[in-house]
Enquirer: 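First, the structure itself, so that you have it in front of you.
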Amino acid sequence: MGTPDFPCTVPRCTRVGDKGFTRRDHLIEHLRNFHNLDIPKRRPGERSANPLGLPHFQHSESQ
Ligand SMILES: [Zn+2]
(Lines give C-alpha, C1' and ligand atoms only; values in the text may rest on other atoms or scores of the structure.)
Protein backbone atom coordinates (compact mmCIF):
# COMPACT_ATOMS: atom_id res chain seq x y z
CA MET A 1 0.00 0.00 0.00
CA GLY A 2 3.01 2.27 0.55
CA THR A 3 3.15 5.61 2.26
CA PRO A 4 -0.09 7.18 3.46
CA ASP A 5 -1.33 9.96 1.22
CA PHE A 6 -2.10 12.45 3.98
CA PRO A 7 0.88 13.39 6.14
CA CYS A 8 0.34 15.96 8.86
CA THR A 9 1.09 19.50 7.69
CA VAL A 10 2.28 20.81 11.04
CA PRO A 11 6.03 21.31 11.40
CA ARG A 12 7.78 18.81 13.66
CA CYS A 13 4.72 16.62 13.89
CA THR A 14 5.67 12.98 13.75
CA ARG A 15 2.60 11.97 11.80
CA VAL A 16 4.36 12.13 8.50
CA GLY A 17 5.82 9.62 6.10
CA ASP A 18 4.70 6.12 6.95
CA LYS A 19 3.03 7.48 10.09
CA GLY A 20 0.78 9.72 8.07
CA PHE A 21 -2.90 9.21 7.47
CA THR A 22 -4.54 7.15 4.79
CA ARG A 23 -7.73 9.18 4.90
CA ARG A 24 -8.18 12.92 4.70
CA ASP A 25 -10.84 12.98 7.38
CA HIS A 26 -8.49 11.21 9.75
CA LEU A 27 -5.87 13.86 9.12
CA ILE A 28 -8.41 16.62 9.69
CA GLU A 29 -9.53 15.02 12.94
CA HIS A 30 -5.90 14.83 14.00
CA LEU A 31 -5.38 18.51 13.18
CA ARG A 32 -8.45 19.43 15.15
CA ASN A 33 -7.89 17.24 18.18
CA PHE A 34 -4.14 17.09 18.41
CA HIS A 35 -3.16 20.55 17.19
CA ASN A 36 -6.37 22.39 18.12
CA LEU A 37 -6.75 23.70 14.61
CA ASP A 38 -10.02 24.79 13.16
CA ILE A 39 -10.19 23.41 9.65
CA PRO A 40 -12.71 25.29 7.55
CA LYS A 41 -14.87 23.41 5.14
CA ARG A 42 -14.19 24.13 1.55
CA ARG A 43 -16.67 26.47 0.04
CA PRO A 44 -18.14 25.29 -3.22
CA GLY A 45 -16.66 27.04 -6.19
CA GLU A 46 -13.71 28.26 -4.23
CA ARG A 47 -10.46 27.80 -6.03
CA SER A 48 -7.51 26.66 -4.06
CA ALA A 49 -3.98 25.70 -4.88
CA ASN A 50 -4.24 23.35 -1.95
CA PRO A 51 -6.44 20.42 -2.95
CA LEU A 52 -6.93 19.30 0.63
CA GLY A 53 -8.17 22.68 1.81
CA LEU A 54 -5.69 22.56 4.63
CA PRO A 55 -3.73 25.50 5.93
CA HIS A 56 -0.14 25.89 4.94
CA PHE A 57 2.47 26.08 7.63
CA GLN A 58 5.50 27.83 6.37
CA HIS A 59 8.46 29.20 8.15
CA SER A 60 8.93 32.79 7.13
CA GLU A 61 12.44 33.48 8.23
CA SER A 62 12.86 36.52 6.02
CA GLN A 63 10.27 38.55 7.88
ZN1 LIG B 1 0.11 16.49 13.42
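Atoms within each ligand, like the ligands themselves, are counted from 1 in listed order.
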Enquirer: Which value, rounded to the nearest 0.5 Å, describes the distance between C13 atom SG and F34 atom CZ?
Expert: 6.0 Å
Enquirer: Examine distances only and state if a side-chain atom of R15 and a backbone atom of K19 form a donor-acceptor pair shorter than 3.5 Å.
Expert: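 At least one qualifying donor-acceptor pair exists.
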Enquirer: Provide the closest heavy-atom pair for G17 versus T3 in the form atom of the first, atom of the second, distance.
Expert: O-CG2, 3.3 Å
Enquirer: What heavy-atom pair brings V10 and L31 nearest, and what distance separates the two atoms?
Expert: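 In this case the closest contact between V10 and L31 is CG2-CD2, 3.8 Å.
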Enquirer: Listed by chain and number, what are the ring pair (Phe, Tyr, Trp, His ring centres under 6.0 Å) partners of H35, not counting sequence neighbours?
Expert: H30
Enquirer: For the Zn ion (ligand 1), which protein N/O/S atoms are closer than 2.8 Å?
Expert: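 Correct list: C8 SG, C13 SG, H30 NE2, H35 NE2.
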Enquirer: How close do L27 and F6 get, heavy atom to heavy atom, and via which atoms?
Expert: CD2-CB, 3.8 Å
